[in-house]
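Notes follow once the structure below has been shown.
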Amino acid sequence: MTTPGLRAGIIGTGFMGSVHAHAVRATGGEVTAVAGSSRASAEAAAANLGARNAAESPEALIWRDDVDVVHICTPNATHADLARKAIAAGKAVVCEKPLATSVQDARELTDLVDGTGVVAAVPFVYRFYPAVREARDRIARGEAGRLWMLHGSYLQDWLADAEATNWRVDTARGGASRAFGDIGVHWCDLLEFTTGHRLTRLAAKTSRAYDQRETDGQLASVATEDGAALLFETDQGATGSLIVSQVSPGRKNRLWFSFDGTEASFSFNQEQPDTLRVGRADSTSDISVGQHTLTTPGGRRYAKLPPGHPQGYQDSFNAFVADVYATVDGHEREGLPTFRDGLRAALLTEAVITSSAQQSWVDVPSVDDFHALLKPPSLVERHKQ
Ligand code: SOE
């Protein structure tokens, strides 16, 4: 279902900006403005993004009358400030992950959204693969039995070369965590979304393949991690492990999980998204994703093509933006990743950094527990103390 008429303003002129622009148009929206680091960069990007106007600045874009939804696709350290301004302007917001580079900023943004009621989403788009929705529904109806071992990896190689670099490598622009904060959070979000489990404690070790990388022609020391290894426990008694790496030659965007229960295991590989593997002791099946081969409401809702016609990353992004725009239009969509999920990712990222630095297991509070921890005691509670 498309939502014609909603008008998007996109802040950010790189790869993700163009992915967002395609998704806006796929859902029947229009990109009315683009903003970049300068008016000139916005004008240069306008044609590429199919934007009608180049805005003078991100702030000018946010206040335009012909922008209903602000998409933030800029370097991580700018997200919180731009999201704060968009919420203040009463606009719906789609903010690239990470929502913020600190738990405090992420929490402030979720509180602002709670206070204003604007629709505010974070593109944890791997939730929108039909195979993932099929696995989620089947797990929810008990087909896996008791989930007890949850494991996987998220491997890329775009930083495999010692000379490769990017603003994400720079702590000041990307934040304190790179590999986990960029892609490890996708995997953890997908685990919690698909299984209903929540990570409650973890032990992490972050590491680097290169301690120096060339930035702006100079060799610079690198403080962010190229990869991370995690062990974790969940609130339902499961154990798990995760390997995250952006220096794994030959792995392009290989997000993989296997969620293993006492009756069945569910495996998914993002690089082969048109197959869901369901393993059982007596039989294993590779289900081809399609409108008539999936059996659950969630799977069928997002399967748009017959089996053998893979839906990929951009299709999932399109489905995500379609659900955001439908929600803006008053038709709330179940499973939409919101700023609360962005706060969740920030809590997990902080736990990974802390655990690795302290070489210890670290508890991970739920978003609700975290809010309760920080809520000042009421007058009554203070009176009781
Ligand atoms: C780069 O690591 C990146 O573009 C991530 O930022 C995205 O979230 C991921 O989906 C693909 O890789």
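Both ligands and their constituent atoms are indexed starting at 1 by order of listing. Here, residue 1 is the first one in the sequence, and each next residue gets the next number.
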Subset of ligand 1 atoms that lie under 4.0 Å from at least one heavy atom of Q246: 2 (O)

Kindly indicate, with the supporting measurements, whether the criterion salt bridge (Lys or Arg N to Asp or Glu O under 4.0 Å) is fulfilled by R141 and E143. CA-CA 6 Å; R141 69 186 186 193; E143 271 194 44; 3.0 Å; yes

Please list, chain by chain and in numerical order, all residues satisfying salt bridge (Lys or Arg N to Asp or Glu O under 4.0 Å) with D226, sequence neighbours excluded. R178, R213

Assess R138 against F266: is NZ or CZ under 6.0 Å from the centre of the six-membered ring, and within 45 degrees of the ring's axis? no

Look at atom 12 (O) of ligand 1 and say which protein heavy atom is nearest, naming residue and atom and giving the distance to 0.1 Å. Q156 NE2, 2.9 Å

May I ask whether E96 has any heavy atom positioned less than 4.0 angstrom from an atom of ligand 1? no

Any idea which atoms of ligand 1 are less than 4.0 Å away from a heavy-atom of Y313? 10 (O)

Using a 4.0 Å cutoff against the non-hydrogen atoms of Y154, which atoms of ligand 1 qualify? 9 (C), 10 (O), 11 (C)

Please report which non-hydrogen protein atom sits nearest to atom 8 (O) of ligand 1, along with the residue it belongs to and the distance in Å to one decimal place. H186 NE2, 2.7 Å

Per-atom contacts, ligand 1 versus I183 - under 4.0 Å to a heavy atom: 2 (O)

Could you check atom 6 (O) of ligand 1 against the protein and tell me its nearest heavy-atom contact, residue, atom and distance included? D182 OD1, 2.7 Å

Here's one to test your reading of the geometry: is the NZ or CZ of R136 within 45 degrees of the ring axis of F193 and under 6.0 Å from its centre? yes

Counting from 1, what ligand 1 atoms have a heavy atom of N253 closer than 4.0 Å? 11 (C)

Is a side-chain donor-acceptor pair under 3.5 Å present for S316 with Q311? no

Between W187 and H151, is the ring centre distance below 6.0 Å? no

For ligand 1, which atoms, with element, lie under 4.0 Å from some heavy atom of R168? 6 (O)

W361: which other cluster members, linking ILVMFWY side chains closer than 4.5 Å, directly or transitively? L231

Heavy-atom distance to atom 10 (O) of ligand 1: which of F15, F317, Y126 wins? Y126

Between the side chains of R254 and E271, is the shortest nitrogen-to-carboxylate-oxygen separation below 4.0 Å, so that they form an ion pair? no

